Amino acid sequence: MAYEISEIKKIGIGLVGFGMLFSFLGVILFFDRGLLALGNIFFLTGVGLLLGWQSMWQLFTKKANIKGSVPFFLGLFLLFVRWPVAGMIMELYGSFVLFSGYGAPIQAFLFQIPIIGWILQYPFQLFGLRRKRA
């Protein structure tokens with residue numbers, strides 16, 4: 001096989017998935033604080049395993065990313081001190097600012113997935129995610 005994922009990265013992908021699932025369930029179940037906290041812990045641990053701990057540390061502490069890191073960790077703190085709605089709003093804003101630079105690679109990846117790529121390209125052009133043809 002040309003590219004194989006290591007066992008650590010597989011665990012990281014699973015933890016990110018569980019983090020998203022627990023966060024989704026926490027929001028659906030009226031901002032259940034326990035599920036939201038578990039979702040955040042799983043998500044951050046999964047990102048750490050996927051990127052590597054040093055790369056994750058650099059992602060959150062780089063001077064250009066401070067505008068997203070501070071609201072993200074403030075939201076995490078608010079979640080732990082029993083303000084789940086305000087915490088989730090801050091976390092969502094921080095995540096959006098922190099990961100907004102990765103829009104083009106994510107878009108390119110989505111276009112390569114067989115069914116999702118076809119849906120995004122042809123029948124209805126969602127959110128302007130149309131690929132430019134040369």
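Source: prediction; values computed, not measured. Each residue takes its place number in the sequence, starting with 1. Atoms considered below: every heavy atom in the structure, side chains included; atoms not considered: hydrogens, waters and symmetry mates.
No continuous path of hydrophobic side-chain contacts links L25 to F31 [ILVMFWY only; heavy atoms under 4.5 Å]. Both L38 and L29 are part of a single hydrophobic cluster, where members link through side-chain heavy atoms under 4.5 Å apart. A continuous path of hydrophobic side-chain contacts links V16 to L35 [ILVMFWY only; heavy atoms under 4.5 Å].
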Would you be so kind as to tabulate the donor-acceptor pairs closer than 3.5 Å made by side chains of residues 98-105, with sequence neighbours excluded?
| from | atom 1 | to | atom 2 | distance (Å) |
| --- | --- | --- | --- | --- |
| S100 | OG | V97 | O | 3.2 |

Could you give the side-chain donor-acceptor pairs of residues 81-93 under 3.5 Å, partners two or more places apart or in another chain?
| from | atom 1 | to | atom 2 | distance (Å) |
| --- | --- | --- | --- | --- |
| E91 | OE1 | N40 | ND2 | 3.4 |
| E91 | OE2 | N40 | ND2 | 3.0 |
| E91 | OE2 | L76 | N | 3.4 |

Which side-chain N or O atoms in residues 44-56 pair as donor and acceptor under 3.5 Å with protein atoms at least two apart or in another chain?
| from | atom 1 | to | atom 2 | distance (Å) |
| --- | --- | --- | --- | --- |
| T45 | OG1 | I41 | O | 2.7 |
| S55 | OG | L51 | O | 3.4 |

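Grouping Ile, Leu, Val, Met, Phe, Trp and Tyr by side-chain contacts under 4.5 Å, direct or through others, puts I28 with F24. Listed by chain and number, the hydrophobic cluster partners of V70 are I66, where partners are ILVMFWY side chains within reach of under 4.5 Å, directly or through others.
Listed by first and then second residue, the side-chain hydrogen bond (donor to acceptor under 3.5 Å, both in side chains) pairs involving residues 65-77 amount to none (not counting sequence neighbours). Sorted by first and then second residue, the side-chain hydrogen bond (donor to acceptor under 3.5 Å, both in side chains) pairs with a member in residues 22-39 form an empty list; sequence neighbours excluded. For residues 8-19, the pairs satisfying salt bridge (charged side-chain N to carboxylate O under 4.0 Å, His left out) are E7-K10, with sequence neighbours left out.
Atom-to-atom distance recorded for L36:CG and L78:CG is 12.5 Å, nearest 0.5 angstrom.
Remark: F80 pairs with no residue by the ring-ring contact (aromatic ring centres under 6.0 Å, His included) rule, at least two apart or across chains. Residues satisfying the ring-ring contact (aromatic ring centres under 6.0 Å, His included) criterion with F60, sequence neighbours excluded, are F72, F73. In this structure F18 satisfies the side chain to side chain contact (heavy atoms under 4.5 Å, CB included) test together with L21, F22, F42, sequence neighbours excluded.
Here the shortest heavy-atom pairing between G94 and P71 reads CA-CB, 4.0 Å.
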